[in-house]
There are 2 protein chains.
Amino acid sequence: MQTLSKNQQIIFDLINKSPEPLKAYTILYNVQKKGIKAPLQVYRALDKLVEIGKIHKIESRNAFIACHNSSCQVAKATAFSICEICEKVTEISSDSLSKYLANFKDKDGMKYIKYNLEFFGLCKKCKVK
Amino acid sequence: MQTLSKNQQIIFDLINKSPEPLKAYTILYNVQKKGIKAPLQVYRALDKLVEIGKIHKIESRNAFIACHNSSCQVAKATAFSICEICEKVTEISSDSLSKYLANFKDKDGMKYIKYNLEFFGLCKKCKVK
DNA sequence: ATTAAAATTGTTATAATATAACATTATGTA
DNA sequence: TACATAATGTTATATTATAACAATTTTAAT
Ligand SMILES: [Zn+2]
Ligand SMILES: [Zn+2]
Ligand SMILES: [Zn+2]
Ligand SMILES: [Zn+2]
C-alpha cells in the first residue's frame, strides 16, 4: 500500500467518492479550487493511479472509476458492465470470469496476463422501463 | 450484405488492406486525394462501418481494423489481442471464448449481448527478442 | 547530514481525437 | 412522381491528451 502524493490523493478522493466514472476535464474543473490548474497535472495523477491499480480507465468512455475490487492490486485485468442507457458502470468481480480469462490461450497458444473487458447492456433500472 | 456508399467504400478499402489498425486522421490523410477532405466525412463513414460490423474500433488505441471474423455480422461481440511492444492487433475468433462470454451472467443475473475484450501481451515475434 | 537519483509538481503551448450545426444531394421505395 | 431516409459537403468548435522545459520534493544510500 503506497502513499499517494498530494495531487494523486486529491484526484483519487474525487474519483473514489463519485458514483459514476469521471472524465479528465470534469476532474480538472472540480479540483481547480484545490490548486490543480492544468490538464497535465490531472493526466499525470491519473496515469499513476491507473498504474498502481487504484483506478481504472473505462476505455470506451474515456473516463475513470475507482477500483472496487480488492483483488485488483494492479491494473492488469479488469471487467466492467456498462448500461447503454444511463451509462452506469459497475466493476465485475467474478472468480470464474477472471480465472477463465487468465487461462485463456489463443490459437497460437499465447497467454495474456492483462486484459480489459467491457460488457454492454441495460442495467436493472433501465430494463424495467 | 449491404452495399456501401462511396465514402464508406473508399474508407473500408483502405482499412481492409491495412495490416494494422488505422486512426481516423491517418485515414483522412490517405483519402484526401480521393476527395474526402474533412474529419467528419471520415468519422461518419467509420460510424456506419462499425455499426454494420465491417470494422471494429480498438478502444484502447482509438484505431479501426477490418473485421476478420466471418461470424461478426454485427459489432456486438469483439475480442482482440494487442502486442504491447509492436502494437500488432489480431482479432480473436474462439468459439469457446465467445460462448463463455455470451453466457456470462453477473451477480444480478444480468446477461450481456454485447462486449468488447482486449487482451494485452507480447506477440510471438516480440516474445523471442 | 550530504548527496545523488527518482518522483512529483508547475507552466505554457500544442497535438490528436471527435462532434455540432446547417445546407445540399443522392437513394430507396410507395 | 413524391416522399422519406441516408449520405454528403463544409465550416467551426469541442473534447481528449501530450510535448517540452524548469523547479521542487521525496527517497534512500553514503
Ligand atoms: Zn479493479
Ligand atoms: Zn441503466
Ligand atoms: Zn469481427
Ligand atoms: Zn509484437
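Please read all numbers here as calculations on a predicted model, not as lab measurements. Sequence lines set the chain letters: A, B, ... in the order given, protein chains first and strands last, and positions in each chain run from 1.
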Has A:Y43 got a side-chain N or O lying under 4.0 Å from the OP1 or OP2 atom of D:dA17?
yes
For a quick test of reading the model: is some side-chain N or O of B:Q41 closer than 4.0 Å to OP1 or OP2 of D:dG9?
yes
Between the opening five pairs and the closing five pairs of the helix from C:dA1-D:dT30 to C:dA30-D:dT1, how far apart are the helix axes, to 10°?
50°
Could you note down all residue pairs passing ring-ring contact (aromatic ring centres under 6.0 Å, His included) where residues 78-107 of chain B supplies at least one of them, sequence neighbours left out?
A:Y100-B:Y100, A:F119-B:F104, B:H56-B:F80
Please enumerate all residues that pass side chain to side chain contact (heavy atoms under 4.5 Å, CB included) together with [X], with sequence neighbours excluded.
X      : result
A:N30  : A:L14, A:T26
A:N16  : A:F12, A:A66, A:H68
A:I113 : none
B:S18  : B:E20, B:L22

Stretch residues 5-35 of chain B: residues that reach within less than 4.0 Å of DNA chain D through a heavy atom:
B:S5, B:K6, B:N7, B:Q8
Transitive ILVMFWY side-chain link B:Y115 to B:F120, under 4.5 Å:
no
Should A:V31 and A:I65 be regarded as members of a common hydrophobic cluster, given that ILVMFWY residues are connected when their side-chain heavy atoms come within less than 4.5 Å of each other, either directly or indirectly?
no
Starting from [atom2] on [N], measure out to [atom1] on [X] and report it in whole angstrom.
X     : N      : atom1 : atom2 : result
B:I36 : D:dG9  : CD1   : C1'   : 11 Å
A:N62 : D:dT15 : CG    : P     : 13 Å
B:R61 : D:dT16 : CZ    : C1'   : 16 Å

side-chain hydrogen bond (donor to acceptor under 3.5 Å, both in side chains) filter on B:S98, not counting sequence neighbours, yields none
For A:E118, give me all partners under side-chain hydrogen bond (donor to acceptor under 3.5 Å, both in side chains), at least two apart in sequence or on another chain.
A:S60, A:N116
Salt bridge (Lys or Arg N to Asp or Glu O under 4.0 Å) involving B:R61 - partner list, sequence neighbours excluded
B:E87
Apart from B:I85 itself, what residues make up its hydrophobic cluster when side-chain heavy atoms of I, L, V, M, F, W and Y under 4.5 Å apart count as a link, directly or indirectly?
B:L122
Going 5' to 3' on DNA chain C, which nucleotide is the first and which the last to come under 4.0 Å of a heavy atom in chain A?
C:dT8 to C:dT12
Nucleotide nearest A:R44 (side chain, heavy atoms from C-beta), chosen from D:dT10, D:dC21, D:dT18:
D:dC21
